[in-house]
Amino acid sequence: MTEAIQSQPRPLRVLLLEDNPMDAELVLRKLTRAGLVAHGDITGNSAEFMAHVQSGSYDLVLCDFGLQGWNGLDALRWVRRAGSEIPFIYVSGTLGEDLAVECIKEGATDYVLKNNLERLPHAVRRAISEDDLRRERKRIESELRESERQYQMLFDRYPQPTWVHDRDTLAFLAVNQAAIRHYGYSREEFLNLTILDLLPGEELEHWLTSSWRYRTSEFKDTTSWRHRLRDGRIIDVEMTRHDVAFRERNAVLVLAVDVTDRRRNEERLRQSEERFSKAFRSSPLAITITTEVDGRYLDANEAFLRMTGWKREEVVDGTTDDLKLWTNPEHRAELIGQLHQAGRMLGLETQFSTRSGEVRTVQISAEAIQLAETRCLLTIINDVTEARQMEHQFRQAQKMDAVGRLAGGVAHDFNNLIMVMESYAHLAKQKASDPERVWHYADLMQEALERATALTRQLLAFGRKHPQELRHSDVNAIVSSLSGMLNHIMPEDIQVSVNLNAGGRVLADRGQVEQVLMNLALNARDAMPEGGTLTIETADVQLTETYARAHGAAIPPGRYQMIAVSDTGTGMDESTQARLFEPFFTTKPVGKGTGLGLATTYGIVKQHGGHIWVYSETGKGTTMKLYLPEAVDAAQPIVSEVICPVAEEGSETLLVVEDQQPLREVIVEYLTSKGYDVMVAADGAEALQICRSSEKLIDVLITDVIMPGARGSEVAQVARRRFPSLNVIYMSGYNDQKLDPEERENTIFLEKPFDLATLTRAIRQLANRRSAA
């Protein structure tokens with residue numbers, strides 16, 4: 001196991017709080033002999049210790065518990081109050097189990113007894129590794145918050161009306177201030193509308209039959225529509241769009257330019273030179289008139305001058321070449337060619353260079369006009385530089401979504417390490433000569449394992465990747481089973497009240513629903529630092545379309561089972577509620593929360609086809625209501641692989657294929673101890689060779705799914721051709737593996753981590769199936 005978790009040694013700065021110099025030197029020698037490069041300062045009094053910690057130059061604290069005039073718990077509390085998250089390991093000969101548990105609750109990383117210093121190097125490596133992971137996670141969260149902040153700032157400050165709407169439902173998901181000002185709707189009103197609500201009646205049918213709403217776009221697809229403002233006025237807009245992923249929904253980013261005035265001005269240009277001149281000068285968009293042949297400027301409006309930075313006298317009678325305006329002169333030739341063919345050009349995107357050398361991205365619409373004997377171009381230029389920058393910000397935000405996906409890959413290796421810990425704990429309970437001590441250590445290892453496993457499952461649930469085991473469940477039973485645990489978790493000054501009024505059942509993954517309720521209960525606890533009442537209620541409810549409209553929720557009408565979690569705590573303001581379910585958003589201090597809890601809760605509820613509603617007032621507490629669809633009938637579980645309690649011993653011949661050496665060794669040792677004849681392969685290629693050459697009849701293949709050389713499914717195919725009666729057990733830390741329907745009868749999939757007793761029960765269950773057949 002030590003080999004599995006250690007990394008390349010790097011120098012460690014260690015601070016030892018130890019008043020026995022010989023013990024301190026013994027600790028440093030133990031680390032050095034284990035391959036750790038450790039340099040440390042040794043102190044035995046509180047003043048020196050505090051001064052060293054405040055220097056901030058240490059990787060680790062190793063602390064004795066019994067000290068003169070002080071103790072290790074006081075030292076730990078001082079370090080944590082000082083805001084330091086440095087790994088803190090007790091190395092003591094006097095630490096009892098109750099005291100050890102209290103130290104862990106106060107923030108200790110681990111503890112090692114002085115009569116068992118062999119465990120110290122492992123504890124140090126694990127503490128350093130976990131600290132590195134914590135620092136990396138904080139860095140990623142900080143970058144994500146900064147990216148989201150920059151996007152929000154750019155989105156809100158963009159001067160043209162801009163919004164994001166759902167690609168399927170057409171509901172508005174976000175609008176900027178320019179859209180609110182221009183259209184006259186408040187933000188709340190906008191978010192209760194769809195695109196169709198902006199269209200006048202004569203435009204509605206055109207929209208519904210238009211292919212533009214379905215096409216993907218790279219911000220070059222511009223089209224014109226008519227919109228109705230809140231006060232009833234009709235405007236013409238040009239909209240450009242781009243498909244984006246927004247808060248896990250397929251969405252469309254739209255930039256809308258009100259071109260009503262521009263079109264009126266174009267009409268006036270044809271009617272009167274005076275009207276043309278007025279429209280030309282007052283247009284908010286840059287407009288120029290140039291000769292077609294040499295690009296000589298005859299006139300340019302103020303918007304063009306502001307955009308390019310040139311003065312009127314420098315522009316008029318100069319050429320585009322003189323100003324070096326077109327960064328790509330071929331684009332002007334393309335514009336001229338299009339004008340010769342169609343007489344006008346709409347939406348040519350190119351780049352202009354300003355007087356200061358700044359490059360601006362523009363969209364050009366141009367039309368050929370005749371002035372006296374000269375063929376000229378009337379050009380309208382829309383500066384879309386900020387729009388393109390915003391598009392880039394959207395892309396960056398989408399890339400940050402990949403951070404969540406990384407959790408799935410991390411969980412694979414993490415699960416292997418967890419399983420090694422659990423398996424060795426299991427073997428230690430069976431074979432050690434000192435049962436009491438070994439059981440004690442094994443329980444502590446399993447406690448750490450459960451915490452790590454819970455984090456892995458939380459990350460997977462947040463990414464909506466965790467496989468659901470949907471069963472018909474009684475919500476009252478779920479809440480009742482959880483209430484006993486809550487009484488142990490809640491401090492004495494928080495009263496837990498449970499009111500069960502539901503009568504129906506839901507089709508749900510009970511473990512995930514319990515996770516949701518636990519997340520909400522712990523958040524409620526943190527919101528009541530001075531104590532209060534936590535209330536959990538259930539009820540049968542009927543949701544209508546009116547409810548969905550009132551709460552802005554896309555939830556079908558029908559019967560639901562409601563679970564409400566209420567507290568009498570600090571409550572939340574509206575701005576906090578608006579971001580409550582965003583990933584990595586948290587109101588807790590740094591180091592006290594990742595911001596994944598409520599995002600995970602939201603994801604799980606949505607996976608169950610449900611809805612979550614929040615009501616909170618500052619200083620008056622919070623109520624969160626979960627609505628889960630009521631089950632129609634009492635059918636059997638949709639997804640369920642139950643390993644029944646059976647004997648663990650057997651005599652079959654097994655082939656174990658696992659590429660992780662520590663995990664492979666512990667599985668083989670365990671199965672051998674149960675009487676099985678075990679053959680071993682370190683990867684898929686070796687397993688294929690054994691299957692093809694073995695003279696023994698292989699009864700059960702136990703294989704990892706993803707390995708070097710060959711995947712587990714390939715090994716199983718080859719083995720079954722040689723041994724038709726073969727049973728197969730797949731193991732994997734990835735939770736999205738699917739069994740071929742033809743394999744289900746003699747195949748079981750076990751998700752890592754699992755305890756070794758589960759493995760032997762799976763072997764016996766497959767054997768019993770074969771015997772019954």
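Here, residue 1 is the first one in the sequence, and each next residue gets the next number.
The nearest pair of heavy atoms linking E18 to I42 is O-CG2, 4.0 Å. Closest of all the heavy-atom pairs between R126 and R119 is NH2-NH2, 4.1 Å. F65 approaches S92 most closely through the heavy-atom pair CB-OG, 3.5 Å. Here the closest non-hydrogen pair linking L750 and A762 is CD1-CB, 4.4 Å.
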Side-chain donor-acceptor pairs of residues 562-573 under 3.5 Å, sequence neighbours excluded:
unit_1: S566; atom_1: OG; unit_2: T623; atom_2: OG1; d: 3.0
unit_1: D567; atom_1: OD1; unit_2: G569; atom_2: N; d: 2.8
unit_1: D567; atom_1: OD1; unit_2: T622; atom_2: N; d: 3.3
unit_1: T568; atom_1: OG1; unit_2: T533; atom_2: N; d: 3.0
unit_1: D573; atom_1: OD1; unit_2: S575; atom_2: N; d: 3.4
unit_1: D573; atom_1: OD1; unit_2: S575; atom_2: OG; d: 3.0
unit_1: D573; atom_1: OD1; unit_2: T576; atom_2: N; d: 2.8
unit_1: D573; atom_1: OD1; unit_2: T576; atom_2: OG1; d: 2.7

Can you give each donor-acceptor pair under 3.5 Å made by side-chain atoms of residues 25-35, sequence neighbours left out, with the distance rounded to 0.1 Å?
unit_1: K30; atom_1: NZ; unit_2: E118; atom_2: OE2; d: 2.7
unit_1: T32; atom_1: OG1; unit_2: L28; atom_2: O; d: 2.9

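Side-chain contact between N45 and W70 is absent, with no heavy atoms from C-beta onward closer than 4.5 Å. Put simply, the side chain of R137 does not reach to within 4.5 Å of the side chain of D132, judged on heavy atoms. S497 places none of its side-chain heavy atoms less than 4.5 Å from the side chain of I536.
Applying the side-chain hydrogen bond (donor to acceptor under 3.5 Å, both in side chains) rule to N476 yields the partners T538; only residues at least two apart in sequence or on another chain are considered.
T43 pairs with exactly one of L16, V53, L17, D19 by the side chain to side chain contact (heavy atoms under 4.5 Å, CB included) rule, that one being L17.
The aromatic rings of Y615 and W613 lie parallel to each other, their planes meeting at an angle below 30°, with 60° marking the opposite boundary.
Around the CD atom of E136, the shell of radius 6.0 Å holds more than 12 heavy atoms that belong to other residues, nucleotides or ligands.
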